[in-house]
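Order of listing sets the numbers, starting from 1, for every ligand and every atom in it.
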Amino acid sequence: YSAYLYLAMSNYAESNGFKGISNWFIVQSQEELDHAMKFYNYVHSMGETLELGAIDKPEPRWNSIIDVFENGLTHEKYVTQRIHKLMDIAHEVKDYAAISMLQWFVNEQIEEESSFRDILDKLKLTGGDVNYLMVLDGELGQRVRTPPQSETNE
Ligand code: FE
């Protein structure tokens, strides 16, 4: 769902003339798919299987590009809560393998929230000035996907 939500945000940015921000969200969307695969691979490596469920349709109810990033930050905070909840359960049942796997996600969520916060701070600093917004858009257009470790090792 995170990947799908960020694709919707990319779509919004692209439609509103923010090509760089659109690129940033495409990369963000790809990274969320990588994260989903981390769970997928973990479950299989433990000899278990998964049931694939339906993915909700993202509802693009954003009024501005700041609104998009506010919503993204809110979403990441929600994901952080879900990861922490999984960690609580792993501790309850003393599942040390899960604890180790989930620790990666705990650390990742710190970065996720922080990157949304940083961009939000910069967006607010532009004060809506188009020239500054375009500089920031250009900066975010530089983002490229970093393939996960498992892919680079192969
Ligand atoms: Fe995320």
Which heavy atom in Trp24 sits nearest to a heavy atom in Ser115, and how many Å separate them?
CZ2-OG, 4.2 Å
Hey, is Asp34 close enough to Arg145 for a salt bridge, meaning N to O under 4.0 Å?
yes
Can you tell whether the side chains of Glu108 and Lys38 come within less than 4.0 Å, N to carboxylate O?
no
Could you tell me whether the side chain of Asp137 and the main chain of Gly20 form a donor-acceptor pair under 3.5 Å?
yes
Checking one value in my table: which N/O/S atom of Glu32 lies closest to the Fe ion (ligand 1)?
OE2
The Fe ion (ligand 1) to Glu76: nearest N/O/S atom name
OE2
The Fe ion (ligand 1) to Glu112: nearest N/O/S atom name:
OE2
